[in-house]
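The structure appears below as structure tokens.
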Amino acid sequence: MGTNAETTFIEVNGARLFVHVQGDGPGLPIIAHHGAPGMSSHAEPSRALAKLAGEHRIITFDARGSGRSEAKGPYTHEQWVADVDAIREHFGIERFIMVGGSYGGFITLEYAVRHPERLSHIVLRDTAACYSFREKAKANALRRAHEFPDITEEVLDRLFDGRYESDEDFRRVHLIITPLYDVSFDPEKARRDNASRTFRHETHNYAFQNELPRYDVREKLKDLRVPTLITVGRHDWITPVEASEELHRLLPVSELVVFESSGHSPQIEQNDEWIAAIRAFLARHA
């Protein structure tokens, strides 16, 4: 079957979710959770992980309230974790490798502390153990306001407070802050990418108003023995390197790799190196 990809919709905990499956390799399956609730989708992790499709079966999906999946709440960490486990069960998977970046890393860690027996390995990317990074992220962003004057404290507070007024408002504000994410900013590419995304402000607003302020798994991570690879871009503005260093200190069986030429997306900006780091980590913890 090679690395052929399949897409489908499945019913999960009362919501219709869009799922993408690629690869049929002999390794344990990978389930990856995208970040950015209400804005991101399966497309980023499926593209980032594609080079592993000859070695693993890779399952990516649009979380409820994002992408092509049904906009049906609740948009809580508890629900998103339950959806991951239902997807695992749907595909008849006993144990798997979980990959999560940014907000997807929050859900990955929430899943890990609830269901550690289901995970063989964890791969994290540009994420954190708690919501302690807001002020540091704002300071990082405002240092670049001389380059991008539309990036203001008010714009950043609307992001972090979850105060988007509509889907189009979400789209407009995201385009303003897009230059912060990558080391090399391409405005034309940013506009194309922004136009192609599905934006759901209600998903984002609920998560950032109700879930993110309470997110803190630091105490629970000290007992988590699942081998974990922590990856982060050196120039990540929103979940800075310090957040990944804290994860490395907290997780008993962990490795940290910092990608020196990346911002928030080393899985895209340095994909070959990111994939190589995952392969080496899995080999060391076979």
Side-chain angles (χ1 to χ4, degrees), residues 5 7 18 20 32-50 60-63 65-69 71 75 100-105 125-127 133-134 137-208 232-240 259 261-272 274:
T7 59
F18 181 80
H20 180 277
H33 201 294
H34 64 77
M39 183 189 74
S40 192
S41 75
H42 77 282
E44 175 268 305
S46 67
R47 178 161 61 106
L49 293 164
T60 56
F61 63 99
D62 296 352
S66 296
R68 282 183 268 182
S69 289
Y75 305 127
S102 194
Y103 207 112
R125 190 268 304 162
D126 297 85
T127 193
F133 52 84
R134 172 175 172 154
K138 282 178 60 179
N140 288 340
L142 292 172
R143 273 197 293 272
R144 300 192 63 190
H146 67 285
E147 300 174 74
F148 306 101
D150 289 339
I151 298 175
T152 64
E153 188 163 5
E154 192 272 337
V155 162
L156 296 167
D157 283 339
R158 289 176 66 199
L159 161 70
F160 289 117
D161 291 342
R163 290 192 286 111
Y164 293 128
E165 297 173 1
S166 66
D167 294 348
E168 283 309 306
D169 183 44
F170 190 2
R171 184 188 305 278
R172 182 185 66 81
V173 173
H174 178 69
L175 188 59
I176 291 172
I177 63 174
T178 296
L180 298 171
Y181 284 91
D182 296 331
V183 168
S184 299
F185 175 59
D186 181 341
E188 286 303 318
K189 180 180 180 300
R191 280 190 280 271
R192 290 195 304 271
D193 180 64
N194 183 271
S196 70
R197 289 177 182 265
T198 298
F199 286 84
R200 291 180 177 161
H201 76 291
E202 291 180 350
T203 309
H204 172 93
N205 286 355
Y206 188 92
F208 275 69
V232 63
R234 174 65 70 189
H235 308 285
D236 185 353
W237 78 278
I238 192 166
T239 46
F259 292 86
S261 302
S262 293
H264 190 61
S265 302
Q267 82 285 10
I268 302 298
E269 294 181 276
Q270 292 183 256
N271 182 253
D272 286 344
W274 190 71

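Keep in mind the model is a prediction, meaning the values are calculated, not measured.
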Minimum heavy-atom separation for Ala63 to His34, with atom names? N-NE2, 3.1 Å
Might you point out which heavy atoms bring Ala190 and Phe185 nearest each other, and give the distance in Å? CB-CE1, 3.5 Å
Using 30° and 60° as the class boundaries, would you call the ring planes of Tyr164 and His204 parallel, tilted or perpendicular? tilted
What do the steps show when you test Asp236 against Phe259 for side chain to side chain contact (heavy atoms under 4.5 Å, CB included), and what is the final call? CA-CA 10 Å; Asp236 185 353; Phe259 292 86; over 6 Å; no
Working to the nearest 0.5 Å, report the span between CD1 of Ile238 and OH of Tyr103. 11.5 Å
Please confirm whether the backbone N or O of Asp182 pairs with a side-chain atom of Glu269, one donor and one acceptor, at under 3.5 Å? no
OG-CZ distance between Ser66 and Phe199, expressed to the nearest 0.5 angstrom: 11.0 Å
Is a side-chain donor or acceptor of Asp167 paired with a backbone partner of His201 at a separation under 3.5 angstrom? yes
side-chain hydrogen bond (donor to acceptor under 3.5 Å, both in side chains) with Ser262: of Arg234, His235, Gln270, Arg125, only one passes, and it is Gln270
Charged N-O contact under 4.0 Å between Arg191 and Asp186: no
Checking Asp126 now: which residues fulfil side-chain hydrogen bond (donor to acceptor under 3.5 Å, both in side chains) with it, not counting sequence neighbours? none
Just do the side chain to side chain contact (heavy atoms under 4.5 Å, CB included) check on Glu153 and Lys138 with the steps written out, would you? CA-CA 7 Å; Glu153 188 163 5; Lys138 282 178 60 179; 3.1 Å; yes
Between the main-chain N or O of Arg171 and the side-chain N or O of Asn194, is there a donor-acceptor pair closer than 3.5 Å? yes
The criterion is side-chain hydrogen bond (donor to acceptor under 3.5 Å, both in side chains); which residues satisfy it with Asp193, sequence neighbours excluded? Arg197
Which is it for Glu165 and Phe170 under the side chain to side chain contact (heavy atoms under 4.5 Å, CB included) test, yes or no, and what are the steps along the way? CA-CA 7 Å; Glu165 297 173 1; Phe170 190 2; over 6 Å; no
Near Arg144 CZ, under 6.0 Å, is it more than 12 heavy atoms from other residues, nucleotides or ligands? yes
Distance, nearest 0.5 Å, that separates CZ of Arg68 from CZ of Phe18: 3.5 Å
Parallel, tilted or perpendicular for Tyr181 and His264, by the 30°/60° rule? perpendicular
Let me see the working for Arg163 and Asp169 under salt bridge (Lys or Arg N to Asp or Glu O under 4.0 Å), right down to the final yes or no. CA-CA 10 Å; Arg163 290 192 286 111; Asp169 183 44; over 6 Å; no
Under the side chain to side chain contact (heavy atoms under 4.5 Å, CB included) test against Arg158, which residue among Val173, Asn205, Ile176, Ile177 passes? Val173
Tell me the closest heavy-atom pair linking Leu156 and Ala141, and the distance in Å. CD1-CB, 3.7 Å
Please give me the minimum heavy-atom distance between Gly65 and Tyr75, naming the atom from each residue. CA-CE2, 3.6 Å
Value rounded to 0.5 Å, distance of CZ in Arg200 from OG in Ser69: 7.5 Å
Shortest non-hydrogen contact from Asn271 toward Ala48: ND2-O, 2.9 Å
Please report the shortest heavy-atom distance between Leu180 and Trp237, naming the atom on each side. O-CD1, 3.2 Å
